[in-house]
**Student:** 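Here it is, the structure in full.
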Amino acid sequence: DAGVTQSPTHLIKTRGQHVTLRCSPISGHKSVSWYQQVLGQGPQFIFQYYEKEERGRGNFPDRFSARQFPNYSSELNVNALLLGDSALYLCASSLSGTRQETQYFGPGTRLLVL
Amino acid sequence: DAKTTQPPSMDCAEGRAANLPCNHSTISGNEYVYWYRQIHSQGPQYIIHGLKNNETNEMASLIITEDRKSSTLILPHATLRDTAVYYCIVMSGGTSYGKLTFGQGTILTVHP
């Protein structure tokens, strides 16, 4: 079975631009979570979606938004990019996203903001 | 959110057991302990998790102390491919969702 997939693998943007990152969960998983990992640190929680509804949000500005589609895939959008948004963006999927369930991560999208 | 404390780095000889400690003294009763590892900035790989009992799977064993304030991940026969950053994480979040709160992790280096 395919694992979590993310696209694109790498992306270069300039300050002020907008970016959209995509994630497809493991088949049968209905919850998607997004994490940001800046160089040298552990991943930080951004959002969790389940059945197209946002169920949790980390300490990130409103420039970050996400949505989930009927097929449970998800998009992460970041507006007005800053240099500090350069990071590895990780998507994780789980059956329903509760704390008893394991989250499985994709390979990530590496974003560089110049 | 409960925080975890791990040593920044550890070494292990190939073929020997690697014992990675983690302190989570503020963990609450309904929070799970998860272990993930990350190799060369790939996506984190799930290893094992537990609530209060010791757990074992094909990759590792997890020993949780009776008071749940600390745990140890055991890789029974470490190989060079086990070199990675190992994260001990408490799964927290609201009543309906879980979020992984990563710390700095432990860089495990397995040497020949």
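Proteins get letters first, then strands, A, B, ... in listed order; numbering begins at 1 in each.
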**Student:** So, do B/Thr109 and B/Ser9 sit near enough that their side-chain heavy atoms are less than 4.5 Å apart?
**Tutor:** no
**Student:** Between B/Asp67 and B/Lys52, is a salt bridge (Lys or Arg N to Asp or Glu O under 4.0 Å) present by the stated rule, with each step listed?
**Tutor:** CA-CA 9 Å; B/Asp67 62 8; B/Lys52 59 177 78 172; over 6 Å; no
**Student:** Report which part of A/Gln41 has an atom under 4.5 Å of a heavy atom belonging to chain B: side chain, backbone, both, or neither.
**Tutor:** both
**Student:** Checking A/Glu101 against chain B: side chain, backbone, both or neither under 4.5 Å from a heavy atom?
**Tutor:** backbone
**Student:** Identify which part of A/Pro107 has an atom lying under 4.5 Å from any heavy atom of chain B, answering side chain, backbone, both or neither.
**Tutor:** backbone
**Student:** Is there a path of hydrophobic side-chain contacts, each under 4.5 Å between heavy atoms, that joins A/Leu39 and A/Val19?
**Tutor:** no
**Student:** When the aromatic ring centroids of A/Phe105 and B/Tyr36 are compared, is their separation below 6.0 Å?
**Tutor:** yes
**Student:** For B/Gln38, which atoms come within 4.5 Å of any heavy atom of chain A: side chain, backbone, both, or neither?
**Tutor:** side chain
**Student:** Check the side chains of A/Glu54 and B/Tyr97 for a donor-acceptor pair under 3.5 angstrom, ignoring hydrogens and angles.
**Tutor:** no
**Student:** Chain B heavy atoms under 4.5 Å from A/Tyr50: which part of the residue, side chain, backbone, both or neither?
**Tutor:** neither
